[in-house]
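Counting starts at 1 for both ligands and their atoms, following the listed order.
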Amino acid sequence: MNITRPAWLEINLDQLEENIKIIQKNISSQSKILSIVKSDGYCLGAAKIVESLIDLGVDYFGLATTSEAIQLRKKYPKVGLLVLGFTPNFLLKESIDQGITLSVYTLDMAKEINNHAGEVGKKAKIHIALDTGMNRIGFSTNQEKIQETYQKIEEINGLENIEIEGLFTHFAVADTDDAFTQHQFDQYQMVYRELGKRGISIPMRHVSNSHAILRHRAYDLDYVRPGILQYGSREEDPYGENFSVKLIANLKALVAYVKEVPANEGVSYGLTYKTKTRTKIATIPIGYADGLPRNLSNQLEVLIQGKRCKQIGRICMDQCMVDVTGLDVKVNDEVVLLGRQGTEEISIEELAKKAGEIPTSFLTHFGKRLPRVYLKNQKVEEIEDIILKC
Ligand SMILES: *Cc1c(COP(=O)(O)O)cnc(C)c1O
């Protein structure tokens, strides 16, 4: 394999397709997937993920920032690209020109978009963001603000260079509080209906993130917005067992060094770990700069020869040590830090729990220095390696 490091992230596009098919099969038949590929596809590589999903009929993708959308547009001139967050004025002209769909949650923003669209000579497609209770972004559906919200959306609808294509909201507690989620959904539906009465019909309604997709068929509407679910984690949601997705990422490395040390030796910075008996230690060339949280020192386990081995001593920036006593381990043996080896598995849920995080946030630690190896039809299809680009 042509990678520049003996440590890499393997991304299984066959499993990604499997996950998408599972979601497609389980959601309502009239609903489609708006695939969330923000933050470079949860750090797994948005460009490759989009390529795979287009083949499965996915036609709309969600990004967090306008820069991500502009980047993806270079490779995919036709698909729908929706920026879910804020677009600063200095990016409006380019994004309208590139046919990028923008989220709008203030009247000022809509007017700016309208002006820039006029200059570019194109109609700008927008989705209205509604804040139904998360208090992040969106026109408020609070009792005291709702009339103002209707008026502003009506005014936006009257702007000549703008087309309101979508209306969306985001759930704050889809994984823990079904009653509040239902309240958010009701607020959303109330606005949708009122806008309809005022002659504003919006073709693209979407509200559900992964946990809502696992729990609520009534919220599927026109599109659903899976993020972590398509990458293969249900984040231990007890609902939605029929969504049998699996993680598409495996973190692997090769053993860099093996040695035996006597009892009472300290290991790594601070010498915080002391060997109790004679210990065989393998050094692994991967560290916190690659996404292994330093505060998980002495808590991680890795798989070598299908066995769980304890990581010992502080995790360094680029290396860490593992106790392999009793195993016949050699330099260049494969180490699995996330994923399966033989019958054992280190899951993203296990890692996230140890770190006090969620699977989504844990994935976003995996640094760009780790080459991404993409597997398709069980073969290496492509390698993304930033060192090769330098
Ligand atoms: C991130 C995000 C999603 C996807 O969230 P998951 O929990 O990963 O499914 C959907 N919608 C919006 C607006 C988001 O910001």
Does NZ or CZ of R234 lie under 6.0 Å from the centre of the six-membered ring of F243, at an angle within 45° of the ring axis?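 Negative - R234 is either too far from the ring of F243 or too far off its axis.
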State which residues pass side-chain hydrogen bond (donor to acceptor under 3.5 Å, both in side chains) with S244; sequence neighbours excluded, sorted by chain then number.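 S244 satisfies side-chain hydrogen bond (donor to acceptor under 3.5 Å, both in side chains) with no residue once adjacent residues are dropped.
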Residues lining ligand 1 [heavy-atom distance under 4.0 Å, listed by chain and residue number]: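 These residues qualify: I36, K38, Y42, L84, R136, H170, N209, S210, R225, P226, G227, I228.
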Check: Y219 ring centroid to F185 ring centroid under 6.0 Å: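 Yes, the ring of Y219 comes within the 6.0 Å limit of the ring of F185, centre to centre.
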If you look only at pairs with a residue in residues 302-322, which of them pass as a salt bridge (Lys or Arg N to Asp or Glu O under 4.0 Å), with sequence neighbours excluded?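 Salt bridge (Lys or Arg N to Asp or Glu O under 4.0 Å) check on residues 302-322 returns E301-R308, E301-K310, R308-E344, R308-E350, D318-R369.
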Tell me every residue that passes salt bridge (Lys or Arg N to Asp or Glu O under 4.0 Å) with K246, counting only those two or more places apart in sequence or in another chain.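 Salt bridge (Lys or Arg N to Asp or Glu O under 4.0 Å) check on K246 returns nothing, list empty.
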Indicate yes or no for a side-chain donor-acceptor contact from D131 to the backbone of S140 under 3.5 Å, with no hydrogens or angles considered.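 Answer holds: no.
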